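One structure is given here, and the rest of the page talks about it.
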Amino acid sequence: MNWSHIIVHHTGAEEKDAAQVRAYHLSLGWRDVGYHFVVERAGAVVAGRPLALPGAHCLAGGMNRRGIGVALIGNLEAHPPLSAQFAALVELLRGLASAYAIPPANVLGHREVPGAATLCPGRYLDMEEVRGRLRAAGNRLWRVQVGAFRERRRAEQLAARLRALGFETLII
Ligand SMILES: [Zn+2]
């Protein structure tokens, strides 16, 4: 895939965790969760479908093939993200933007994609603020919490993927 954008979503529902989001998407007959990453409320970043596959999150603008799909759990039209969740989002976006040389201007909320008729990712997710944070550069050490995954294998998969992208990654 040739990723030129990152598209930010909220799930629009109050799932308890990424596993529930995945189960819902599988129930729709999809082969995996539609997003490449899901950010849980407490800030755990959970790997979704592999970045080698197009997403299933944004038909507008052909973004399923051009844009990495990142979703925050929650209905951010009704309430803001928790600060840990927002911080994890910014850190994830910063890493992806740097790995794929995606400029902050190409990091868009779903509703900012021309042709998308949606409120997603909700009025309480300020994409201008997100882009502002991305303009502050710098690499970070990634910490992948095994406790955030049902299986250690999935934590290791995410860590391996992040390492392949050039991030220093530590499993805790
Ligand atoms: Zn969306």
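Both counts, for ligands and for their atoms, begin at 1 and track the order of listing. Here the structure is a predicted model, which is why all the values come from computation and not from measurement.
- Angle ND1 (His110) to the Zn ion (ligand 1) to SG (Cys120): 110°, rounded to 10°.
- For the Zn ion (ligand 1), the nearest N, O or S atom contributed by His9 is named ND1.
- Distances from the Zn ion (ligand 1) show that His57 has no N/O/S atom below 2.8 Å.
- Using a 4.5 Å cut-off on side-chain heavy atoms (C-beta onward), Arg66 and Asn2 make no contact.
- In Tyr24, the OH atom is not crowded: 12 or fewer heavy atoms of neighbouring residues, nucleotides or ligands sit closer than 6.0 Å.
- Results of the side chain to side chain contact (heavy atoms under 4.5 Å, CB included) test with Leu108 over Val8, Val113, Ile6 single out Val113 as the only residue that passes.
- The shortest heavy-atom contact between Glu14 and His79 is OE2-NE2, 3.0 Å.
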